[in-house]
Structures are given as structure tokens and as C-alpha cells.
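Remarks on the structure that follows.
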Amino acid sequence: MIAQHREESILLWQLEALYGRTPAHHQAKSFIELDYKKRRSGVKGEKDLEFPLSFLSDNDYLILHDIRIKDKNGYFQIDTLVLSMCYFLIVEAKNWYGTVLFDGEDQVVRIGDDGKEEGLPNPVSQVNLQRYRLQEWLSSNGIINIPIDYYVVFTSSSTIIKSISPDKPIPEAIIRNNQLLFRIQDMNEKYNTPRLTMEQLHELSTQIIAAHTPRTVNVLEKYCMSIDELIKGVFCPKCAAVPMDWQHGKWVCRSCHHMSKNAHVRAFHDHKLIISDTITNREARELLGVDCPDVIRRILLKEKYSCIGTTKNCYYKLELHHK
């Protein structure tokens, strides 16, 4: 049973919005694109885990995705946590491409299709630390003496996994996606003494979910950018040109002359993802490139954004209706 579903990646949406609003010549553009591709790959890898886990019985397992919990050292995050009455399992997904070389549990080198080598943090050390911090957190909440194991799952079938040298084999915790279900079956034989009841598992999952804190990122700060550097205006949904002009109750593209009544919605989404989940009439005028306050007020009310405050100092609460 899935106790907590995988969250949509707000960070992925933020990077997508920021990339679109960053001028082509800006020095941060390439870094934003690289981080977007990495995050998109990571999200795909996490979702690929759902297939083997779907075979687990709802009566015997609770599954929590995207757990982020605070402890004395800050926050730690777990891709997927599988709870059973006999043991807990941490599953870390890696959607790395190319050839991945392991030097035991030390160095990891990835070789891309272009032959370029890249040093990466060892995911076994990463997930082992997650286990330690989870053990400490559980202990502080009265849960002790239950085994916690882990696997690092490579979700892409095209990834080549090798050992750097014969005397330092690939760590046993490194497996492929199609092995996960069978490794869990092996664990059921290894750990066959119940430590908790299903009722206690449900109580614990509720406790974990209550402790979960979604990650928030100020992407402008991350890339050392200011609001003034962003591209203003409404993007054409057909040719992506910017800006569109507001004419007689609709947006008209200067480039392809496409017309739209709701092209402004993307601009509001971008503002929410990059800057703030609230917007004033003045900020909306600057964002959309429309000088008339009454037009902006009608557009904001048309989208049913909640208006908070007095007429003079009011602001609107933006809602995210993403694809």
C-alpha cells in the first residue's frame, strides 16, 4: 500500500520556468539547463521504481515516496521507504547513463557517450548515511531493534555497470530495477521475525508523513540572478515568441499573429515558481506588459485568484495548474 505518493517535482517546474525566462546570453543559462536535465533524469528514475514495487502486497507493506525529514543535522531525504513488519528498506534510485565504474565503496566514475569522465559521489555511502540518520530518528521516536536495509537501484537498462579493478567488486547494494522485487523476496526470508504489527506500521507511517517537509528552493538565489534579469512578457503558445500584445480581450503574437485568451496563465505560473506565490496589480502589469490596472484586475479575477487585502494594498494568491 502506498502511504505517501511521489510528489510532483516542483523544482523541475521551477527550473523549466527559469530557463524559459532567462535570456540566451545570460551566464547562468547553461547551468540551469544542465541542472534541469539532471533533475528530469532523476525524476524518471524515481518513477521507474514504481513498477517492481507494484507487485508488493498491500496487506504486508507500506510504501512512502519522497520522504524529507529533519534531524539534529538538518534534513535528510529518502527516495522510497518500504515498511514491513519485519524490516524496513530504503531504495535509492539512480538514472545514470553511460558507463559507471565502481572502485568498491570508494570512488565512482561515470563515462558519458562522449567519452568524458565525471567523478560522482558514491551512492552506497549516501544511502548508508540515510539509513543511519533514519535509525537515529526512529530511535528518538521510540522505534528500535528493527533491521533497516538498503539498495541503490539503477533504473536504466542501458547503463553499463563495471568494477574499476577485480579486487574491488561492485557493492552488493548496487542492483538493477528488474532485480528489486526478487531481492525483496530474499529479504523476506532473511528477516522473518515480526517486530511491529500492521497497526503500528500505519501509526509510524502517519508519524513520518507528519514529519515530512517538502523541499523549497529559491532558484533566483541559487543562480545568483535578480528579478530584473528575467524576460518579461507573455509567451506565444504557438511559436514561443515574446511578448504578445493585449488587444480587445485577447493576446496577439507579434511574430506569428496567433491569438489566445489565456496565454497569460503561463506567465503567472512562472511568477509563482520563480518569484512568489502572490502578485500585486503593479507586478502583474510589469510581468504581462500591460499598463492598465483595470485590465490586469479583470485578468486576475477571471483566473479566480483570491484577492487579499484592501483595494489600495491588495495582492492576489496565485494557484498552480501545471501540465
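With Tyr19 as the aromatic partner, Lys29 meets the cation-pi criteria of under 6.0 angstrom to the ring centre and within 45 degrees of the ring axis.
Take Glu33 and apply the salt bridge (Lys or Arg N to Asp or Glu O under 4.0 Å) test, not counting sequence neighbours, and it matches Lys37. Scanning for side chain to side chain donor-acceptor pair (under 3.5 Å) contacts around Lys317 gives Asp277, with sequence neighbours left out. The ring-ring contact (aromatic ring centres under 6.0 Å, His included) check on Tyr97 picks up nothing, with sequence neighbours excluded. A search for ring-ring contact (aromatic ring centres under 6.0 Å, His included) contacts involving Trp246 returns Trp251, not counting sequence neighbours. His26 is linked by a side chain to side chain donor-acceptor pair (under 3.5 Å) to Glu229, counting only residues two or more places apart in sequence or in another chain. Listed by chain and number, the residues in a salt bridge (Lys or Arg N to Asp or Glu O under 4.0 Å) with Arg40 amount to none (sequence neighbours excluded).
Aromatic ring centroids of Tyr316 and Phe268 lie 6.0 Å or more apart.
Each salt bridge (Lys or Arg N to Asp or Glu O under 4.0 Å) pair with one or both residues in residues 81-92, not counting sequence neighbours, appears once here: Glu92-Lys94. Applying the ring pair (Phe, Tyr, Trp, His ring centres under 6.0 Å) rule to pairs touching residues 167-197 yields Tyr87-Tyr191, sequence neighbours excluded. For the salt bridge (Lys or Arg N to Asp or Glu O under 4.0 Å) condition, the pairs that include at least one residue of residues 133-142, sequence neighbours left out, are Asp71-Arg133. Residue pairs meeting the salt bridge (Lys or Arg N to Asp or Glu O under 4.0 Å) criterion with at least one member in residues 256-271, sequence neighbours excluded, are Arg21-Asp270, Arg266-Asp270.
Side-chain contact between Met225 and Leu18 is present, with at least one heavy-atom pair separated by less than 4.5 Å. Proximity of Met187 to Cys86: side-chain heavy atoms (C-beta onward) are nowhere separated by under 4.5 Å.
Pro52 pairs in a side chain to side chain contact (heavy atoms under 4.5 Å, CB included) with only one of the listed residues (Thr155, Ile184, Leu180), which is Leu180. Between Leu81 and the options Asp66, Leu134, Leu62, a side chain to side chain contact (heavy atoms under 4.5 Å, CB included) holds for only Leu134. Of the residues Leu301, Asp294, Leu300, Ile296, the one that meets the side chain to side chain contact (heavy atoms under 4.5 Å, CB included) test with Arg298 is Asp294.
A donor-acceptor pair under 3.5 Å is absent between the side-chain atoms of Arg110 and the main chain of Gly98, judged by distance alone. Side-chain atoms of Asp35 do not come within 3.5 Å of backbone N or O of Ile32 as any donor-acceptor pair. In this structure, the side chain of Asn281 engages the main chain of Pro293 through a donor-acceptor pair within 3.5 Å. Listed for the Asn141 side chain is a donor-acceptor partner under 3.5 Å among the backbone atoms of Trp137.
Heavy-atom neighbours of Tyr315 OH from other residues, nucleotides or ligands within 6.0 Å: at or below the threshold of 12.
Within the hydrophobic cluster formed by Ile, Leu, Val, Met, Phe, Trp and Tyr side chains joined at under 4.5 Å, directly or through other members, Val242 is accompanied by Ile231, Phe235. Hydrophobic cluster of Met259: the remaining members, joined at side-chain heavy-atom separations below 4.5 Å, are Val252, listed by chain and number.
Between the side chains of Asn95 and Ser41, at least one donor N or O lies within less than 3.5 Å of an accepting N or O.
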